[in-house]
Novice: 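Handing you a structure now.
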Amino acid sequence: MKKLIFLSAIISLIALQSWSQNVNNMQLSHMKKPSVRKEIQLPDIPGYKTLKCDFHMHTIFSDGIVWPATRVREAWEEGLDAISITDHIEHRPHREYVKGNHNSPYEIALPVAEQKDIILIRGGEITRDMPPGHLNGLFLEDVNALDTPDPEDAVRAAINQGGFVLWNHPGWKAQQPDTCVWMDMHQDWYEKGYIHGIEVFNEKEWYPIVIDWCLDKELAMIGNSDIHDVNAHYYDVENGHRPMTLVFATERTQQAIKEAMFDRRTIAWFDDKMAGPEELLKAFFEASVEIRNTGHKDKNQKVFRIKNVADMPFYLSYESGQQFTIPALAEVYLTLPDDAKSAGVTNMFTGTNKTLSINLTDL
Ligand SMILES: [Zn+2]
Ligand SMILES: [Zn+2]
């Protein structure tokens, strides 16, 4: 009996001790949502890496609602390679509460970007009435130099730093209620070499006419989020992806991204669509989709086995008007009439009214 009392006393002592160790602070770490990077599966193309980039976003340093470091964490979790925080230079509604200058968002975000291996590009948004409208200066050394009364001085300050100048949302209804218009000022700046790319897509709208503008004028086609909100509150990033620019770079560095953009090796990727130069879309389609003739026939039709390694569906349309979907990250069988010569990939835009065409005769 004595033994039993002694034993139970020891047990209660141990229980008391273990309880007393935790009573001040007990961690329930499993309640915290882990920070996980989603890998976007998009293949490289011959000679180039496919980098996922967003060159237009805002923080509380202009009219966004998040702290700059949050933009880096979002980008990392969503599988991006590079971002540029491009706060408005002339529009800072939180100025009363937020000190700092136009370089501050970059400087605050940089340590987190380095830690997470996100390429952070210093940028800013020149924010003027139309014309010229809004333009992002990217790959800048000093964003403060763009804070000038005359818009042309601002764009020249970006050019003097070796910057890439991007014309943002040319068809934004607040500035262009009916249409996208290439105005005299844009022509003048273009001739002076002040414009290097245009947003084909911005936030949730796109401007098909800009594809032909970019092709005619040899400018880069860009797609950006222009996110002001928490990104995951605005886009369904679990089932989809934010709009972005795919940059085909020789390596995963800021310098290689810059070279690729000046060389117009870009595709705008938004929703389930891509817009870009034909040769890049073709290279991307061929890197994504493997089509094998099985040698079998089904009612006089050739049977193909199709594998898609890209996180992007492809919608095919034949001369006959027949439609077929190659789902993202999947394998499917497809039958084709013996005389089928080509198919259009209706979600890959190579022109304002033109989609990629693939040859079926060699299959
Ligand atoms: Zn803007
Ligand atoms: Zn913006």
Side-chain angles (χ1 to χ4, degrees), residues 53-68 70-72 74-75 80 82-95 98 100-106 108-109 120-140 143-144 146-148 151-152 154-155 157-158 163-177 179-183 185-186 189 194-207 210 213 219-231 233-235 242-245 261 268 270:
C53 311
D54 186 357
F55 301 111
H56 191 166
M57 62 191 69
H58 297 272
T59 74
I60 57 168
F61 281 85
S62 60
D63 55 351
I65 63 164
V66 309
W67 187 244
T70 303
R71 291 290 179 230
V72 177
E74 289 173 335
L80 271 70
I83 60 167
S84 185
I85 297 172
T86 52
D87 278 310
H88 298 290
I89 289 166
E90 300 85 347
H91 179 54
R92 292 190 58 189
H94 310 312
R95 188 190 290 259
V98 183
N101 59 52
H102 303 300
N103 289 309
S104 303
Y106 174 84
I108 292 165
L120 185 67
I121 294 157
R122 194 190 296 253
E125 183 170 14
I126 300 166
T127 306
R128 306 296 176 118
D129 293 338
M130 189 74 87
H134 295 190
L135 298 102
N136 278 355
L138 304 171
F139 306 100
L140 301 178
V143 191
N144 292 330
L146 278 60
D147 194 351
T148 63
E152 186 159 348
V155 79
F164 180 99
V165 176
L166 168 66
W167 181 12
N168 298 335
H169 46 73
W172 180 37
K173 284 187 182 300
Q175 292 192 322
Q176 286 296 124
T179 178
C180 296
V181 183
W182 182 270
M183 299 182 177
M185 186 183 283
H186 301 121
W189 286 16
Y194 293 173
I195 299 177
H196 307 115
I198 313 180
E199 282 182 342
V200 171
F201 184 96
N202 173 282
E203 192 192 335
K204 58 180 178 354
E205 62 188 32
W206 75 297
Y207 323 105
V210 172
W213 285 5
L219 300 172
M221 291 184 224
I222 307 289
N224 288 323
S225 69
D226 197 359
I227 189 69
H228 290 66
D229 204 335
V230 174
N231 208 52
H233 290 180
Y234 195 87
Y235 298 109
R242 77 165 79 185
M244 63 183 83
T245 305
M261 289 175 73
F270 48 97

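These numbers come from the heavy atoms of this one structure, side chains and all, not from hydrogens, waters or symmetry mates. All values reported here derive from a predicted model rather than from experimental measurement. Counting starts at 1 for both ligands and their atoms, following the listed order.
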Novice: Check the angle between the aromatic planes of Phe164 and His196 and answer parallel, tilted or perpendicular using the 30° and 60° thresholds.
Specialist: tilted
Novice: For His56 versus Ser225, what's the shortest heavy-atom pair and its separation?
Specialist: O-OG, 3.3 Å
Novice: Hey, can you tell me if His88 and His134 have their rings parallel, tilted or perpendicular (30° and 60° cut-offs)?
Specialist: perpendicular
Novice: Would you call the rings of Phe139 and Phe55 parallel, tilted or perpendicular if under 30° counts as parallel and over 60° as perpendicular?
Specialist: tilted
Novice: With no hydrogens and no angle check, just 3.5 Å: does a side-chain donor-acceptor pair link His169 and Glu205?
Specialist: no
Novice: Sort out for me which residue in Ile121, Leu120, Leu140 forms a side-chain contact (heavy atoms from CB on, under 4.5 Å) with Tyr106.
Specialist: Leu120
Novice: Check the Zn ion (ligand 2) and write out every protein N, O or S atom at under 2.8 Å, as residue and atom.
Specialist: His56 NE2, His58 NE2, Glu125 OE1, Asp226 OD1
